[in-house]
Colleague: 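Quick one: the structure is below, questions incoming.
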Amino acid sequence: MSRTTLTALLLTLPLTAQAQETLNFYNWSDYIAEDTIPGFQDETGTSVNYDVFDSNEVVEAKLLAGSTGYDLVVPSLEFMARQAQAGVFQEIDKSKLDNYGNLDPEIMRIIEANDPGNAFGIPWMMYSVGPGYDVAAVTERLGEDANLDSWSLVFDPANAEKLADCGIALLDSPSEITAAALNYLGLDPTSEDAGDLDQAMALLSEIRPHIRYFHSSQYINDLANGDICLAVGYSGDILQAKDRAAESGNGIEIRYVIPEEGALLGFDMLAIPADAPHPDAAYAFIDYFLRPEVTAAVSDAVFYANANKAATPLVSEEVRNDPGIYPPEATLTKMYSAKPHSARYDRSLTRAWTTLKTGR
Amino acid sequence: MRSPVALRIVVVAGFLFLYAPILSLVIYSFNESRLVTVWSGFSLKWYGELLSDPQIIGAAWISLKVAFLSASIATVLGTLAALVLVRGGRGRAVLGGLVTAPLVMPEVIIGLSLLLLFVAMEGLIGWPGGRGLLTIVIAHATFGAAFATVVIEARMVTLDRAVEDAAQDLGAGPLRVFFDVTLPALAPALVSAWLLAFTLSLDDVVIASFVAGPGSSTLPMVIFSKVRLGVSPEVNALATLVIVLVSCLVLIAAWVSARQRVPEA
């Protein structure tokens with residue numbers, strides 16, 4: 001222990017070198033409310049090292065190498081599921097969480113597809129993958145009475161063709177886009193059947209000539225600037241674009257919809273690494289986060305829905321009543337979550353996706 | 001053959017190529033709008049936001065510490081390596097290859113292998129305990145030393161050994177010779193090696209993101225993670241401050257070396 005203390009003294013600022021309880025928290029960038037961490041620190045006296053990341057892959061490399069030093073990390077659900085199989089995380093002891101009952105059982109059931117028994121993760125925030133568009137540009141091209149609440153906006157080649165000149169962007173994520181295409185075709189979005197995949201790819205290659213690019217983040221600024229008019233992306237990101245366009249006063253109105261056919265529901269999960277140095281602090285933080293008012297403040301700040309049922313009434317109306325953030329009851333039943341793919345399916349999916357992207 | 005007009009055009013084009021992007025970055029740091037590419041009026045608000053953002057200020061401070069420490073270590077190691085490479089005996093070719101290998105190795109590989117090394121060392125001898133500032137400094141010193149060696153070696157080759165021999169003839173011991181004769185003659189190379197290692201360390205994001213631990217995110221890591229939501233003008237403001245700082249340092253360095261040259265003449 002003395003060696004650790006010595007290095008800690010050498011390494012850290014005098015501010016954090018105190019022997020008090022510490023929490024090392026590793027989260028996505030721009031994914032928390034301003035007062036979440038200070039509130040926890042004031043209340044418990046725990047000092048928090050808050051670090052941010054931008055890709056599941058870097059986190060995975062660190063977690064698999066072991067002894068990251070982090071007590072709490074927030075990978076996406078599918079990544080967490082795979083890492084849990086590798087023994088990276090410890091099981092959550094729910095008896096240590098007084099506020100566990102606040103979580104929505106319906107949503108926890110959807111998560112169970114990836115995390116059986118909800119053993120390893122507590123949902124931080126949830127998002128959907130759907131179309132976001134520039135209202136004026138799209139109505140101008142498709143007409144007043146076009147159905148803008150449907151995946152046909154993107155997947156109907158006639159629509160895609162009309163929108164090609166103002167720009168369409170798709171996420172560069174084979175599993176998420178293919179799942180949406182399967183769902184639109186009325187097939188099981190988690191299907192690994194080769195015939196189903198062929199059908200989805202046939203649909204996608206029909207609209208391929210009208211797609212400007214495949215990218216997983218560029219569309220945020222492009223939508224806000226009016227450089228593209230339609231993007232299939234993450235709900236939170238598209239709502240950020242909307243916010244940014246409104247703030248800059250450039251007259252562009254962005255709308256995000258969860259289409260009536262349903263969409264993919266994604267989760268980022270709080271998980272405790274098996275070798276976390278301060279697991280007690282991690283439990284204390286999770287329990288603090290599960291308080292309705294704390295969760296609600298994070299949702300208000302980042303425009304993502306949460307799985308905390310008790311928090312919903314405390315979320316601001318602007319966020320809670322936005323059907324793009326909180327799916328209405330009727331749509332919620334049509335939402336689906338991704339399942340980890342078999343390695344074999346992953347290979348054929350990647351191959352089909354590359355063919356699609358390069359247009360060969 | 002040489003027309004002064006054509007020459008001037010080439011010079012102007014060259015400077016534009018180098019400085020136009022930096023200039024536009026500086027201009028947009030004074031932009032009112034959140035969108036980096038739309039001008040909507042002059043404002044200093046992003047500088048205000050930057051100074052009240054503890055995450056960025058903390059990361060900038062960590063980056064400067066890491067760069068300072070790793071550049072210093074790299075320069076010392078580079079000097080020793082260069083000494084052996086120029087004056088040493090057998091096995092110099094092998095050592096030369098080994099020392100300069102990080103120059104051509106992809107950063108991802110350096111980062112990942114150092115991460116695995118640190119984890120393994122912690123398991124075996126308990127040091128370094130966890131990942132943090134120390135591991136980033138070690139990693140940066142490793143590849144900084146490769147660059148420093150090349151720079152210092154180039155200078156050392158041109159040194160006249162007769163001067164050192166003369167010093168020894170006059171009764172100076174080997175250490176005295178090294179510190180009083182060799183080192184001053186190497187000084188310009190040491191300064192440029194240090195600056196190069198400092199810049200490279202300040203620049204690096206790949207290696208640092210592998211070997212960083214809790215509470216030790218460097219500035220490039222923080223900026224890079226913000227890119228997902230588009231770069232905010234806060235980053236422009238920060239870059240402008242860094243450019244001002246670096247320009248001042250370069251001017252001071254130039255001034256100091258100009259003054260030093262006078263008595264020599």
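Sequence lines set the chain letters: A, B, ... in the order given, protein chains first and strands last, and positions in each chain run from 1. Just the heavy atoms: all of them, side chains too, but no hydrogens, waters or symmetry mates, feed the values below.
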Colleague: Given a strict heavy-atom distance threshold of 4.5 Å, which part of Ala120(B) is in contact with chain A: side chain, backbone, both, or neither?
Modeller: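 Looking at Ala120(B), nothing touches chain A.
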Colleague: I'd like to know if the side chain of Lys62(A) reaches the main chain of Val211(B), judged simply by a donor and an acceptor atom lying under 3.5 Å from each other, with no hydrogens or angles considered.
Modeller: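 Judged by distance alone, no pair lies under 3.5 Å.
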Colleague: Which atom names give the shortest non-hydrogen contact between Asp51(A) and Ser217(B), and what distance separates them?
Modeller: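 Taking every non-hydrogen atom into account, OD1-OG, 2.9 Å.
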Colleague: Which atom pair, heavy atoms only, marks the closest approach of Ser29(A) to Ser225(B)?
Modeller: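 Reported closest heavy-atom pair: OG-O, 2.9 Å.
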Colleague: Once rounded to the nearest 0.5 Å, what's the spacing between atom CG of Asn24(A) and atom OG of Ser216(B)?
Modeller: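 Rounded to the nearest 0.5 Å, the CG-OG separation comes to 9.5 Å.
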Colleague: Minimum heavy-atom separation for Gly69(A) and Pro214(B), please, with both atom names.
Modeller: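 So the minimum-distance heavy-atom pair works out to O-CG, 3.4 Å.
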Colleague: Of the backbone (N, CA, C, O) and the side chain (C-beta and beyond), which part of Ser67(A) lies under 4.5 Å from a heavy atom of chain B, both, or neither?
Modeller: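 For Ser67(A), the contact with chain B is made by backbone and side chain together.
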Colleague: Please name the pair of heavy atoms, one in Leu116(B) and one in Ala65(A), separated by the smallest distance, quoted to 0.1 Å.
Modeller: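 Residues Leu116(B) and Ala65(A), closest heavy atoms: CD2-CB, 4.1 Å.
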Colleague: Take atom CZ in Phe17(B); do more than 12 heavy atoms of anything else shown fall under 6.0 Å from it?
Modeller: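 Open: at most 12 neighbouring heavy atoms sit under 6.0 Å from CZ of Phe17(B).
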Colleague: Atom CD in Gln55(B), atom OH in Tyr50(A): separation rounded to 0.5 Å?
Modeller: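 Rounded to the nearest 0.5 Å, the CD-OH separation comes out at 7.5 Å.
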Colleague: Inspect the surroundings of CZ in Phe68(B) and state if more than 12 heavy atoms from other residues, nucleotides or ligands are less than 6.0 Å away.
Modeller: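 No, the 6.0 Å shell around CZ holds no more than 12 heavy atoms from other groups.
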